[in-house]
Colleague: 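Take this structure, written in structure tokens, and hold onto it; I'll ask about it next.
One-based numbering, in listed order, for ligands and for the atoms of each. Position 1 is the first residue of the sequence; numbering continues from there. In what follows, every heavy atom counts, from backbone to side chain, and hydrogens, waters and symmetry copies are set aside.
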Amino acid sequence: METIIQKLFEYQNNQIYLKREDLIPFCFGGNKARKAKLFFEEIDSGNYDCIVTYGSSSSNHCRVIANMAAARKMPCYIISPLESSEPTFNSILMEMFHVKMKTVPVKDVHDAIQNTLKKLREQGARPYFIAGGGHGNLGTKAYVECYSEIKDYEIREKLHFEYVFHASGTGTTQAGLVSGKLLNQDDRTIIGISIARRNPYGGSVVEESILQYLQYCNCKISRKTIHENTIFVDDYISDGYGKSNAAVDKLIQKMMYKYGIPMDQTYVGKAFYGMLQYIEKEKISNKNILFLHTGGTPLFFDSIMTAEMERTK
Ligand SMILES: *Cc1c(COP(=O)(O)O)cnc(C)c1O
């Protein structure tokens with residue numbers, strides 16, 4: 001499932017490249033599609049007959065999982081927080097896939113998941129549970145595999161990416177990339193631009209995921225080394241999850257007009273903006289820099305529809 005890498009432009013004497021995870025050929029792609037593929041390999045080879053997961057109405061993860069479940073005619077139960085339940089293109093797609101959505105106040109999400117699993121098991125069903133965002137060792141593994149693709153590209157094209165940037169949310173994508181780097185003992189800097197979480201919490205979740213993954217594949221790398229290689233930048237969050245700002249919106253417009261590349265406000269646009277700012281601030285130059293486009297195309301359409309409704313109000 002190798003995704004393409006394209007050269008974008010020069011920025012402060014750096015060559016900026018884009019790896020198009022948004023073009024993974026399933027349900028508008030994105031990093032959730034790469035993770036979901038591994039979850040469903042486990043589901044298909046195991047003894048399961050329904051899926052339970054959670055996420056908001058704007059969740060890219062829930063959209064992809066719902067589609068993969070629908071394709072197998074497997075019931076898909078989604079627990080969703082009431083606080084973010086407004087309709088979006090992702091939630092419209094989830095409905096199209098006939099998910100069984102249970103909306104509860106965010107404080108009750110944990111209990112609702114446990115209750116749903118318990119009830120299903122009492123009824124004799126065999127549910128497979130997937131953590132929100134595809135968090136967990138399989139999700140991490142998906143991005144260790146993506147890291148290998150990056151290395152393959154470097155060998156083929158005879159170049160080296162000194163930096164890899166991407167949007168970091170639950171931290172699973174970053175955990176996979178950093179694990180890949182540590183396992184290969186490579187020399188490069190991987191930078192997760194946080195889209196919501198603050199440090200020290202945000203960074204520590206990534207480190208914990210790396211630690212868990214390395215234990216799971218029996219690799220001994222010290223906590224200190226993991227800590228030194230986990231760069232989680234929380235300077236470009238704006239007003240928090242899903243909140244954009246005028247500079248990010250302007251960049252998103254430019255990327256669509258000039259390059260035909262959709263970037264959403266919640267993840268990719270925000271992180272891409274953060275990366276450009278970071279390059280400037282840290283005076284990075286004469287480097288090959290790879291940005292991972294992690295998807296979110298339905299969210300891109302949400303934002304242009306909202307803007308259009310504002311304009312014609
Ligand atoms: C979920 C998501 C992310 C963040 O990925 P994590 O593995 O949760 O850090 C980034 N970009 C898009 C488009 C996403 O949907």
Colleague: Donor-acceptor pair, Asp264 side chain versus Thr297 backbone, under 3.5 Å?
Modeller: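 Judged by distance alone, no pair lies under 3.5 Å.
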
Colleague: Would you mind checking which non-hydrogen protein atom is closest to atom 10 (C) of ligand 1, with the distance to 0.1 Å?
Modeller: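 Atom 10 (C) of ligand 1 sits closest to the protein heavy atom Thr294 OG1, 3.2 Å.
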
Colleague: Do His166 and Thr173 get their side chains close enough for a donor-acceptor pair, meaning under 3.5 Å?
Modeller: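 No, Thr173 and His166 have no side-chain donor paired with an acceptor closer than 3.5 Å.
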
Colleague: Is it true that Lys35 lies under 4.0 Å from ligand 1, counting heavy atoms only?
Modeller: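 Contact present.
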
Colleague: Out of all atoms in ligand 1, which are within 4.0 Å of some heavy atom of Thr172? Include the element for each.
Modeller: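 This gives 7 (O), 9 (O) as the contact atoms.
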
Colleague: For Gly171, is at least one N or O under 3.5 Å away from an N or O on ligand 1?
Modeller: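 Yes, there is a polar N/O contact under 3.5 Å.
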
Colleague: Could you tell me if any non-hydrogen atom of Gly30 lies under 4.0 Å from any atom of ligand 1?
Modeller: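 The answer is no: ligand 1 sits nowhere under 4.0 Å from a heavy atom of Gly30.
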
Colleague: Side chain, backbone, both or neither: which part of Lys32 comes within less than 4.0 Å of ligand 1 when only heavy atoms are counted?
Modeller: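 Contact part for Lys32 vs ligand 1: side chain (C-beta onward).
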
Colleague: Counting only nitrogen or oxygen atoms and a 3.5 angstrom limit, does Thr170 reach ligand 1?
Modeller: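 Such a contact does occur with ligand 1.
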
Colleague: I need the nearest protein heavy-atom contact for atom 12 (C) of ligand 1: residue, atom name and distance, please.
Modeller: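 Checking every protein heavy atom, the shortest distance to atom 12 (C) of ligand 1 gives Tyr267 CG, 3.4 Å.
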
Colleague: Using 4.0 Å as the upper bound for N to carboxylate O, is an ion pair formed by Lys181 and Asp186?
Modeller: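 Salt bridge between Asp186 and Lys181, a charged N being under 4.0 Å from a carboxylate O: no.
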
Colleague: For Arg311, is there an ion pair with Glu308 - N to carboxylate O distance below 4.0 angstrom?
Modeller: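 Looking at Glu308 and Arg311, the cut-off is met.
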
Colleague: When you check the gap from the basic side-chain N to the acidic O, do Glu154 and Lys151 get nearer than 4.0 Å?
Modeller: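 Here Glu154 does not pair with Lys151 in a salt bridge, since their nearest N and O are not under 4.0 Å apart.
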
Colleague: Please determine whether a side-chain nitrogen of the Lys or Arg among Glu145 and Lys37 lies less than 4.0 Å from a carboxylate oxygen of the Asp or Glu.
Modeller: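 No, no charged N to carboxylate O under 4.0 Å.
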
Colleague: Could you check which of Thr266, Asp22, Asn60 puts a non-hydrogen atom nearest to atom 15 (O) of ligand 1?
Modeller: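 Of the listed residues, Asn60 has the closest heavy atom.
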
Colleague: Is there a path from Phe28 to Phe272 through hydrophobic residues (I, L, V, M, F, W, Y) whose side chains come within less than 4.5 Å of each other?
Modeller: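 No; tracing contacts between hydrophobic side chains, which count when under 4.5 Å, never links both residues.
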
Colleague: What I want to find out is whether Glu157 reaches Lys7 closely enough, with some N-O distance under 4.0 Å, to be called a salt bridge.
Modeller: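 The answer is no: the pair does not qualify as a salt bridge.
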
Colleague: Counting each atom of ligand 1 from 1 as listed, which ones have a heavy atom of Ser168 under 4.0 Å away?
Modeller: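 Every atom of ligand 1 under 4.0 Å from some heavy atom of Ser168: 9 (O).
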
Colleague: For ligand 1, find out whether one of its N or O atoms is nearer than 3.5 Å to an N or O atom of Thr173.
Modeller: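 N/O-N/O distance below 3.5 Å exists for this pair.
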
Colleague: May I ask you to check if Lys281 and Tyr236 form a cation-pi contact, with NZ or CZ under 6.0 angstrom from the six-membered ring centre and within 45° of the axis?
Modeller: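 Judged by the rule (NZ or CZ under 6.0 Å from the ring centre, within 45° of its axis), Lys281 is not positioned above Tyr236.
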
Colleague: Below 4.0 Å, non-hydrogen atoms only: which portion of Asn31 touches ligand 1? Side chain, backbone, both or neither.
Modeller: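 The part of Asn31 near ligand 1 is the side chain, not the backbone.
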
Colleague: At the 4.0 Å heavy-atom cut-off, does Gly295 count as touching ligand 1?
Modeller: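 Distance cut 4.0 Å: Gly295 passes for ligand 1.
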
Colleague: Applying a heavy-atom cut-off of 4.0 Å, say which part of His135 lies close to ligand 1: side chain, backbone, both or neither.
Modeller: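 It is neither part, as no heavy atom is under 4.0 Å.
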
Colleague: To check your reading of the model: name the closest protein heavy atom to atom 9 (O) of ligand 1, its residue, and the distance in Å.
Modeller: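 Closest protein heavy atom to atom 9 (O) of ligand 1: Gly169 N, 2.7 Å.
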
